[in-house]
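For reference, the structure discussed in these notes is given below.
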Amino acid sequence: MAPGPVPQDPGRDEDPRPVPPCPDWMDDPAYLAVRAADADPGDLDLYDDPEDAPLPDVDPEELIAAADQITADQARLAAVTARLGLTAAMASDAAAVSGRRGPGMPGSAESFPGVYASRASGFATGKPLDVAPGSLTLGQFLEEAAGADDRYPGASDDEMAGAVAGWDRVEAYVSSRKHAAVAEFIRRRPAQGCVLQGPAQMPAGFDEFAVRELGAVLGETRGIAEDILSLSYALEVSLPGTKAAFRSGVVSQRKAMVLCEATALLDPAEARAAEAMVLGRAGALTPPGLRAAITAAVMRVAPGKAKKRREHAAKKTRVERWAEGSGNAGLAGRELPPAQVLAADQRVTAWAKELRKAGLEGGIDALRARAYLDILLGMDSRPLGSRPDGTPGGTAQDPGDGGRYCPSRPGGGSASSRPGDPGEPWVPAPGGPLAGVIPPGFTGHVNLTVPAATVLNLADRPGELGGIGPVDPDLARDLAEAAARNPRSKWCVTVTDQDGHAVGHGCARPVKRRKPGGHDPPGGAAFTFSPDDQPGPPGGYGTWRFTAGQQDFLIEIGPLPAGDCDHRHEARGHDPGVTLRHLTEVRNATCTGPGCRRPASRCDFEHNIPYEAGGRTCWCNGGPKCRHCHRMKQDPRWRAEQLPGGQVRWTAPSGRQHVTEPTRYPI
């Protein structure tokens, strides 16, 4: 990627053309309403030029002072546009916003002709200062717009949001300059025997005591100082695109650190290749979203190194405890196997739900914390007498039945009850040595997304494990083989476009059951994927035969509309049904709220146009929203519009718009 500044997202709807001539706004309804509300200005025919008539009850000296101020502001904006390096079109627009703004001009909400613009007007949506890169000059404009008391006099909500974003870019700019200074510090503290080399003239390593020296200068811990040195080094040697985006304010220090940490195991050429895959959308992604994207990119660029890093880090598996700032404490396991983490997490959730059914008070987070300790300590926190069999709760010494129970069965079952009955969700009881063993396959519902080329050993591309994130190709294959050994596994195939967006989908139906007493071939379960003679759905991608271990399936892959909807999946009532909900969760694997990453399986199916107002229960009018974003969409100050292809355009109370896109799958 070129080291120049990364351009802002051009996806705006506003018209960037300059203000129309004055006569055009004379007919504007808003202007006429303002004029109608004003006092009678007298007989305008008494003046040679009615448009040049003085306003009533206004001191001429005040008019002259206001005109001088406008002229000064225009000159000031013209000077700063030159310093900021803005284009001629932007400079023209900058001059316009310093004086009078007519209706219809971008960012001119709540303003009318003849009303003097605020000093924050240049930060309205799409205005020169709103798109200007971070710099000290931009900070000067922000300081002036803030006023002496930081109250931003006269600024609209849109301009206020632009000012917040402007300060964020200035903050990134200043931080990038600090890291550039640290890079020069590294050049002056090379490791023993290292010389300055490469285009960046950086040593291969820095002095062993450089961390302590920098920490003393900044008053920081050794760990923080080491992070600053690592990021400064990477920006100079491996991540030039990130350095430019950091300097211009497109990415913050936190996001730059995410890119640095993820690419630390790569050589400079590989790091730049992975960087190029995500940098164009790094500004719009949240740090967790960016971490998932760059992790997947690293796995694509260097799958072997990603596997080695996972295996190396697994040797550092540990349980950590620490004191919380509140006076409480924390306990967590680190560098654990992903599949077992999911199984353990779901076990915690299952027991938390049992505690809630037993009447224990608290939100799900508090109940999960209680369940976590129950399982670790062999305790049972259900209130006395609330157990299904009527016995008191167990303790670390007396863990109750110490086995498994089925909450849906009268009496709860016992250690002698046999799991596996259809439709019964077996949950391991907490406490006791037997309950401490996670049953094989106790993973509930987990989405594992693996490229077909990976599972068929045709390529090494990363997969994605729901609730965990990207997984390297070898682990993805291992998880797929484990799923193939479970006859209850459900298999689906999603076809994506060049950007990873879903355009086709089909779920498997078995045509051959597992052979009694059969075994997988040496080396694990075998997978095949080949076209079948049967035709697929109209407009789809055909019918395919899929083999997973000792089971054969047929998969009919139908189309997912990217533009106009044909309503083939529309449901008759309010409930979307299993198929429609599944397909919308394929298109949007997470909540469609701005910046929200809650899994779609834990979200509501939300109608964009309410069903009660005539909205369809269809692919084109619904998608996943978590309860919080669902409530936000229903707030009259917010507006959400579902666009063709699954994009959702959110309009905030300030008038600023944010567009969320469908899920990008590994390709």
Side-chain angles (χ1 to χ4, degrees), residues 1-3 5-11 133-134 164-165 168-169 171-173 175-176 179 227-228 230-235 238-266 270-302 305-306 309-310 338 449 461-472 499-501 588-600 629 647-648 650 658-667:
M1 174 169 287
V6 178
Q8 294 282 341
D9 184 357
V164 172
D168 189 66
R169 295 197 302 280
E171 180 183 32
Y173 169 80
S175 180
S176 74
H179 283 78
D227 286 344
I228 295 173
S230 298
L231 177 56
S232 301
Y233 188 90
L235 292 173
S238 304
L239 302 172
T242 301
K243 178 182 177 180
F246 190 17
R247 180 67 60 91
S248 64
V250 173
V251 301
S252 62
Q253 178 181 334
R254 184 182 176 190
K255 292 183 180 181
M257 196 66 205
V258 167
L259 295 168
C260 171
E261 291 174 344
T263 57
L265 74 160
L266 307 180
E270 292 170 336
R272 286 191 287 271
E275 172 193 62
M277 294 180 183
V278 303
L279 197 55
R281 52 195 177 104
L285 292 172
T286 62
L290 179 59
R291 182 176 292 108
I294 188 61
T295 300
V298 168
M299 291 175 179
R300 288 188 62 186
V301 170
K305 291 183 178 180
R309 178 172 65 174
R310 172 173 57 84
T449 305
R461 295 173 184 167
E464 187 159 341
L465 189 60
I468 295 293
V471 292
D472 61 73
D499 296 320
H501 299 142
N588 297 100
T590 59
C591 172
T592 56
C596 186
R597 290 177 53 80
R598 189 175 184 88
C629 293
Q647 289 185 328
V648 178
W650 293 79
H658 311 273
V659 178
T660 60
E661 68 170 345
T663 298
R664 294 196 184 207
Y665 288 96
I667 56 175

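Just so you know, residue 1 is the first one in the sequence shown, and it goes up from there. What you see is a predicted model; the values in this text were computed from it and never measured.
Of the possible donor and acceptor atoms, none in the side chain of Q647 sits under 3.5 Å from a partner among the backbone N and O of V659. A donor-acceptor contact shorter than 3.5 Å is absent between the side chain of K255 and the backbone of V250.
In this view, R597 and T286, P288, A292 satisfy the side-chain contact (heavy atoms from CB on, under 4.5 Å) rule, not counting sequence neighbours. With sequence neighbours left out, the side chain to side chain donor-acceptor pair (under 3.5 Å) criterion links S176 to R247. Under the side-chain contact (heavy atoms from CB on, under 4.5 Å) criterion, A302 pairs with L266, E270, K305, sequence neighbours left out. In this structure T660 satisfies the side-chain contact (heavy atoms from CB on, under 4.5 Å) test together with T592, P594, V648, W650, sequence neighbours excluded.
Distance NZ/K243 to CG/L231: 11.5 Å, rounded to 0.5 Å. Between the CZ atom of R598 and the OG1 atom of T590 there is a distance of 11.5 Å, given to the nearest 0.5 Å. With rounding to the nearest 0.5 Å, the separation of CD1 in I294 from CE in M277 is 8.5 Å. For the atom pair I228 CD1 and M257 CE, the distance stands at 9.0 Å (nearest 0.5 Å). S230 contributes atom OG, which lies 8.5 Å from atom CD of E261 (distance to the nearest 0.5 angstrom).
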- Intermediate values then yes/no, side chain to side chain contact (heavy atoms under 4.5 Å, CB included), L259 and L279: CA-CA 9 Å; L259 295 168; L279 197 55; 4.2 Å; yes
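A pairwise comparison of heavy atoms in A262 and R309 identifies O-NH1, 3.5 Å as the closest pair. The shortest heavy-atom contact between P462 and R300 is CD-CG, 3.3 Å. Closest heavy-atom contact between C629 and G593: SG-CA, 3.8 Å. A297 and V278 make their closest contact through CB-CG1, 4.2 Å (heavy atoms, listed as atom of the first residue, atom of the second, distance). Here the closest heavy-atom approach between residue V251 and residue G283 is recorded as CG1-N, 4.4 Å. When all heavy atoms of L290 and A282 are compared, the pair lying nearest together is CD1-CB, 3.9 Å.
Residue pairs meeting the ring-ring contact (aromatic ring centres under 6.0 Å, His included) criterion with at least one partner in residues 242-264, sequence neighbours excluded, are H179-F246. Every pair tested for ring-ring contact (aromatic ring centres under 6.0 Å, His included) that includes a residue from residues 279-301 fails, sequence neighbours excluded, so the list is empty.
Residues R310 and D472 form a side-chain contact, since some pair of their non-hydrogen atoms from C-beta on lies under 4.5 Å apart.
Crowding of E171 atom CD: a count of heavy atoms from other residues, nucleotides or ligands under 6.0 Å not exceeding 12.
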